[in-house]
Structure formats: structure tokens, C-alpha cells
Amino acid sequence: SLIVGFSFLAVKTSMKVATPLEILTYRFNFAAVAALAPLMVGYIKIDLAGKSRKRLALTAGFYLGFMVFQALGLLFATSIESGIIFAIIPILTKIIAHYYLGEKGDWKQNVFITLSITAVIAMFVFSVQGFHGVSIAGLALLILSSLLMALSNVFMRGVRREFSPYTIAFAIALGGCLLFNAATLLIGAIRGEPLHYLAPLQHWEFILACAFLGIPSTLISSLLMAYMLANMEAVKATIFGNLSTAISIVAGVIFLKEPLYIYHIVCTALIIIGVIGT
């Protein structure tokens, strides 16, 4: 949650010199290299013999789909709208986990989940001066992104006995690297600018930002999430996503000198209570 909460700082830095697709490409380049390193030196081995590669591909695919549709949705919708919609991921996870994994919660868990989600939504609503035209396309893409994230979390838990957390994180890193590089190179070829692929590397701030987004924010966070989901119910692991929102607010105040209001403090406290209670 700390890693994801601080990742928006790196996103803001990288967006000054590159498109969302280029950021995703280099983000997963770093993630793939970092994931391959332990395999190359023999520190970690991945054994897929006799295991369902389809289920592994689906788990990684849902996660990558979440990132793709999130990026597309943010082209049309505001960060306020995205924050509100992503807050409902624990609800979607709970519903899917109930039917797919048979996980059940009691009324107390539902109360704390609702408290955390309500606090996130309230924080975003209080922070906006007024909604100036809501994009239906943007909202649809963000809702689909949230659904894919919920599916990814449930599937991560579903394959916990078959695949190690590192295998899942490796599949996500390598799959994203192949997918986003292919898309970036294809677009560059269509536009007649194949060498534009290298243009962002002229900025050292972009390299550092993408290294942070790739290694801690993608590889390590997906590894930790897979480990959480191997040992916790899906909704309990997913609710920490709301804690990331609170951390990002605090990080903005500390590092970007953004204003701190009383509703930030109250909503952050309620988010934390909701997470602990769940």
C-alpha cells in the first residue's frame, strides 16, 4: 500500500515527457528485467510442468487488462471520477469471491468495508469543486478496469496452491513487457517514427520514475499482493487498495505541498479504521 500510494509521484514525473503507453512500456521493461534477474543467476526456478498455464495467463491477463483500461479511462475521465470508481473494487471482489471461491463474510465485515469505501468516495467528492460534464465512455472504461482488477485478485487467490507468488508476479511482468512493447513499436511503425521509442530515455527523471514504477510499483507490489492473496481472503487483501488512496493524499501534502484539509484527516482515519476492522 505504501509503494502504490507513492507511485503517483513517479507517474506525474514521467507524464511530463512521455505518453501513457510509453510509460507502461518502460514500466514493464524494468519489471521484466528485474523479474528475469533471479532466474538468470539460478536463485529462483519456475516450474510449470503439469500446471494450468491457462489459469496463470488469465490471472496475469486480468491484471494487465486492469492497467490498460485504467490508462484508457483516464484519457476521458478525471482522476476524481477514477478514485471514486476504484474505491468499489473491494465490493466487486467480495461478490466474485463469494461465487468463485465460496468466501463468505459476516455483517461486521460488510460494515467496515462500507466504511472504508464511503470514506474514499467522500474524500474525492469533497476535493472536487464541481463535476463539469461526466464522460460516459471514461466511466465505462474505469468500471471495466475495476472489474478486471477484482477478477485478477480473485484468480490470484484461486491459483495460490498451484503457482507461487513469484510465478504470478513474473507472468505479469513478462506479459506486460511483451504486450506494451508490441503496441508501442506498432504505433511507432504506423506513424513512421520507429526511433521515437527511444526518445523518453533522453530524460533521466523519466528513467528513474519508470524504474520506480516498474520494480517496486509493479513487480514487488504484484509479488506482495499475490502473497497476501495466498494467505488472506480476497476481500481482506483487496481492501488495502483503499489504504493506498489515503497514503497518496498524505504523500501529496508532504512532497508536493498540496493543501491539507480537515476532511483529509477524517476520511483517512475512517479508511484506516475500515481496513483494520475488515
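In this text, all values refer to a predicted model and were calculated from it rather than measured experimentally. Just the heavy atoms: all of them, side chains too, but no hydrogens, waters or symmetry mates, feed the values below. In what follows, residues are counted from 1 in the order of the sequence shown.
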Report task. Determine the minimum heavy-atom distance between Asn153 and Thr93, stating which atoms define it. Result -> ND2-OG1, 4.3 Å
Query raised in the report: Checking Arg160 side chain against Asn231 main chain: does a donor-acceptor pair fall under 3.5 Å?
Result: no
Query raised in the report: Can Glu205 and Lys16 be counted as an ion pair, charged N to O under 4.0 angstrom?
Result: no
Query raised in the report: Between CG of Leu219 and CG of Leu213, what distance do you get to the nearest 0.5 Å?
Result: 13.0 Å
Query raised in the report: How far does CG of Asn29 sit from CD of Glu22, to the nearest 0.5 angstrom?
Result: 11.5 Å
Requested in this report: Could you label the plane-to-plane angle of the Phe206 and Tyr26 rings as parallel, tilted or perpendicular, counting under 30° as parallel and over 60° as perpendicular?
Outcome: perpendicular
**Report entry** Connected via hydrophobic side-chain network under 4.5 Å: Ile85 and Val125
**Finding:** yes
Query raised in the report: Sub-3.5 Å donor-acceptor pair from the side chain of Thr114 to the main-chain atoms of Asn110, do we have one?
Result: yes
**Report entry** Working for side-chain contact (heavy atoms from CB on, under 4.5 Å), residues Phe124 and Thr245
**Finding:** CA-CA 10 Å; Phe124 281 103; Thr245 301; 3.6 Å; yes
Report task. Count the heavy atoms of every other residue, nucleotide or ligand shown that sit under 6.0 Å from CE of Met15, and state whether that count exceeds 12. Result -> no
Requested in this report: Measure the CZ-CD1 distance between Phe112 and Ile276 for me, rounded to the nearest 0.5 Å.
Outcome: 9.5 Å
Requested in this report: Enter the distance from Leu151:CG to Tyr63:OH here, rounded to the nearest 0.5 Å.
Outcome: 14.5 Å
Query raised in the report: Can you list the steps and then say if Leu36 with Phe170 is a side-chain contact (heavy atoms from CB on, under 4.5 Å)?
Result: CA-CA 8 Å; Leu36 283 166; Phe170 176 82; 3.7 Å; yes
Requested in this report: Examine distances only and state if a side-chain atom of Glu233 and a backbone atom of Glu103 form a donor-acceptor pair shorter than 3.5 Å.
Outcome: no
Query raised in the report: Which of parallel (below 30°), tilted (30 to 60°) and perpendicular (above 60°) describes Tyr261 and Tyr263?
Result: parallel
**Report entry** ILVMFWY network linking Leu147 to Tyr99, side-chain heavy atoms under 4.5 angstrom
**Finding:** yes
Requested in this report: Write down the atom of Pro259, the atom of Val253, and the distance for their closest heavy-atom approach.
Outcome: O-CG2, 4.0 Å
Report task. Would you please classify the geometry between the Phe66 ring and the Phe86 ring as parallel, tilted or perpendicular, with 30° and 60° separating the classes? Result -> perpendicular
Report task. Establish, yes or no, whether a centroid distance under 6.0 Å links the rings of Phe62 and Phe155. Result -> yes
Report task. Search all heavy atoms of Thr59 against all heavy atoms of Ser152 and return the closest pair with its distance. Result -> O-OG, 3.5 Å
Query - Main-chain N/O of Val11 paired to Ser14 side chain as donor or acceptor, under 3.5 Å - result: yes
Query raised in the report: Within the side chain of His203, is there an N or O that forms a donor-acceptor pair under 3.5 Å with the backbone of Pro200?
Result: no
**Report entry** Audit row: Phe212, Phe6, ring pair (Phe, Tyr, Trp, His ring centres under 6.0 Å) steps and yes/no
**Finding:** CA-CA 10 Å; Phe212 178 81; Phe6 279 94; 8.0 Å; no
Query raised in the report: Going through the checks in order, is the side-chain contact (heavy atoms from CB on, under 4.5 Å) test met by Phe180 and Arg27?
Result: CA-CA 9 Å; Phe180 296 122; Arg27 175 179 188 162; over 6 Å; no
Query - Nearest non-hydrogen partners of Gln70 and Leu142, listed with the distance - result: O-CD2, 4.1 Å
Query raised in the report: Centres of the Tyr166 and Tyr227 rings: under 6.0 Å?
Result: no
Query raised in the report: If you round to the nearest 0.5 Å, how far is CZ of Arg55 from CZ of Phe163?
Result: 7.5 Å
**Report entry** Joint cluster assignment, Met156 & Leu58, ILVMFWY side-chain distance < 4.5 Å
**Finding:** yes
Report task. Determine, step by step, whether Ile249 and Met123 satisfy the side-chain contact (heavy atoms from CB on, under 4.5 Å) criterion, reporting the C-alpha distance in whole Å, the side-chain angles of both residues, the deciding distance to 0.1 Å, and the verdict. Result -> CA-CA 10 Å; Ile249 297 293; Met123 186 182 295; 3.2 Å; yes
Report task. Might you confirm whether atom OH of Tyr100 has over 12 heavy atoms from other residues, nucleotides or ligands at distances under 6.0 Å? Result -> yes
Report task. Can you see which heavy atom on Gly5 is nearest to which on Ile247, and at what distance? Result -> CA-CG2, 3.9 Å
Query raised in the report: Going from CG on Asn181 to CG on Leu24, what distance comes out if it is rounded to the nearest 0.5 angstrom?
Result: 11.0 Å
Query raised in the report: Do Lys94 side-chain atoms and Val235 backbone N/O form a donor-acceptor pair below 3.5 Å?
Result: no
